[in-house]
Structure formats: structure tokens, C-alpha cells
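I have placed the structure first, in the form of C-alpha cells, so that the comments after it can refer back to it.
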Amino acid sequence: MKILGINALNHDAAMTLIEDGKILWAGHAERYSGIKNDPNLNLEMFMDMWDYGVPKKVVWFERPYVKKSRQLYAGQYSEVFTKKNLPLNHLTEILSVVEGSQPRIDQYVDHHLSHASSTYFTSPYDESAVVVIDAIGEWDTISIWYAKGNKLEKRWSQTYPNSLGLWYSAMTQRLGLKPQEDEYILMGMAAWGRESKELQDELRQLLKQNLHKGCMDWDSDFHPDEGTSEWKFDVAHNVQIVCEQEIQKIFAKLPDLVPETTNVCYSGGVALNCVANSLVV
């Protein structure tokens, strides 16, 4: 059976067509539109995908109404009360020009289950621990799974507003960079900064706050003079240290939660921090 998996209306739209566990085709929206991190699908992607067959099942990467419940909690009322960001409406808008097409979504799955599946089912393992760390799914921001055969079981999670990913993105913005895109620049800047235990303590206090709207009002005695850019490298250095320590704490939970810890799969936006990854392999 051919299954089409779709990720869109997020920060980076993509689709994959699989059959019997094998990838037949995969497409990235920005490769077609030329728009970096394009959140929207486009007709050209579907035309290419159909060359490999018509899917019997269409699966969406998250649960939109569960996500709306979190957005309501967060006060994102414009997101809650609009239909423009509903998956089926998006597909209908794209495919309305194709005669005979019937846009549909047969199944919605949890955001973090999508992350966990993407890394486990493309791994060489038949049994594995799976760690997911990102900014936010519907509610989960960190999750740990036990995967065996074709099944994944969530063993632990941390939920919004506590989020290592949102914190790292908020610090990216505080340094004058673009959140959800320039985190790799912060990671690179860290190599040029100075370590400060005092600043790390301040940053850990920020971890306890809801930073969904950023922390542009945050200031520290560590960088009293913002007339130069040196303070940014120092902040980046200590942000990276705290991030690495938090990731190590998460991985330290594995032996108590899953029976298999030799094989580990890791995904989510925070998993793109390759410097931190070197500490947990």
C-alpha cells in the first residue's frame, strides 16, 4: 500500500511517498518554490509525486485541533480562530485546479510520533531508544520512546511551556538573529565566547520561563555594554554550554525508561545542534 506522509503549515513543508516501508519519492517545498523554509505545499510537488503512483492513504504529521488547544492556552487567538491553517483547507486550495482530485487526510498522528518515526524507521535498528527534542509539537517539547519492530511507545515527555528548543530560539532572537532559522549561527558563535558560571545560572532561570514570545527584554550584568558585539559571543558560549548539559540530562534518563540503550535514535529541531550531538553519541 502506498502511503503519503505530509508535513506542512509549519516552518518547512515536505512530503514523502512510501510503499511497504520503502521510500518511493520525497519532496521538499522550498526546492520547488525557491522560498527558503517554505511552509506551504505546491501543485508541482503533487505532480511529481503522482508519477510514482496514487497514495491509498494520506497521513498528516500532527493533530491540528490538539495543537489549537495549546495555542488557545498560549493566547494565540488569531491561530485558533482561523481556518486557513487547517490541513484539509490547505490541500483543497492547492488541488482545486486538478480535475477529479479529492483532497483528503486519512489519519493525523502526533507531532512527536512523526519525529520519532522519521528517525527510527530510517535507522538500521529493530529495537531502539528514541529521543525527540524540539521547540514544540502539539504540547510535547521533549519525548522519549521505546521502539521495537514496527511499534513505538512513548515512555516520558515534557510539555509546553517548558521547552529547551523555544529557549534556544529565544536566545537566538535575543542576539539579533532570526529564530527558527539562525540557531546554527548561535552554535557557531559559541566557539568565540568566554565561560561564566554566573551567566549560566541566569540562563537556567530563563529555562523555567515561558519564552514562546522571546526574551528581548532580558538583560544581564554580564554584558553591560551593548555598544560592542563581544557580549553576544559570550552569551552564545554559555547558552551552548547550558543546552549541552540539558541534553545530557535527557539522555541520562534512558536507562530508567527503556530496555534498549545501545541503539538510540534522535530527532527534532534541537537534534540539529551537531556540536551538542558529539557529547551523546
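Only heavy atoms go into these numbers, but all of them, side chains included; no hydrogens, no water, no symmetry mates.
Across Trp156, Trp145, Tyr266, a single residue satisfies side chain to side chain contact (heavy atoms under 4.5 Å, CB included) together with Val131, and that is Tyr266.
Lys68 is listed as a side-chain neighbour of Leu86, based on a closest heavy-atom distance under 4.5 Å. Proximity of Met49 to Leu4: side-chain heavy atoms (C-beta onward) are separated by under 4.5 Å at one or more points. Side-chain atoms of Lys154 and His112, non-hydrogen and from C-beta on, never get closer than 4.5 Å to each other. Using a 4.5 Å heavy-atom threshold, the side chains of Val130 and Val258 count as separate. Using a 4.5 Å cut-off on side-chain heavy atoms (C-beta onward), Trp60 and Asp106 make no contact. Counting heavy atoms from C-beta on, the side chains of Leu203 and Met171 come closer than 4.5 Å. Side-chain contact check for Met189 versus Leu177: some heavy-atom pair is nearer than 4.5 Å.
The number of heavy-atom neighbours closer than 6.0 Å to CZ of Arg204, taken from other residues, nucleotides and ligands shown, is above 12. Within a 6.0 Å radius of OH in Tyr65, other residues, nucleotides and ligands contribute 12 heavy atoms or fewer. Environment of CG in Asn277: crowded, with over 12 heavy atoms of neighbouring residues, nucleotides or ligands closer than 6.0 Å.
By the 30° and 60° cut-offs, the orientation of the rings of Phe46 relative to Trp50 is tilted.
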Please test Asp38 against Ser33 for side chain to side chain donor-acceptor pair (under 3.5 Å), starting from the C-alpha separation and ending with a verdict. CA-CA 8 Å; Asp38 191 350; Ser33 67; 2.6 Å; yes
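Side-chain atoms of Glu30 do not come within 3.5 Å of backbone N or O of Tyr32 as any donor-acceptor pair.
Taking CG from Asp134 and OG from Ser143, the interatomic distance works out to 7.5 Å, rounded to the nearest 0.5 Å.
With Tyr160 as the aromatic partner, Arg70 meets the cation-pi criteria of under 6.0 angstrom to the ring centre and within 45 degrees of the ring axis.
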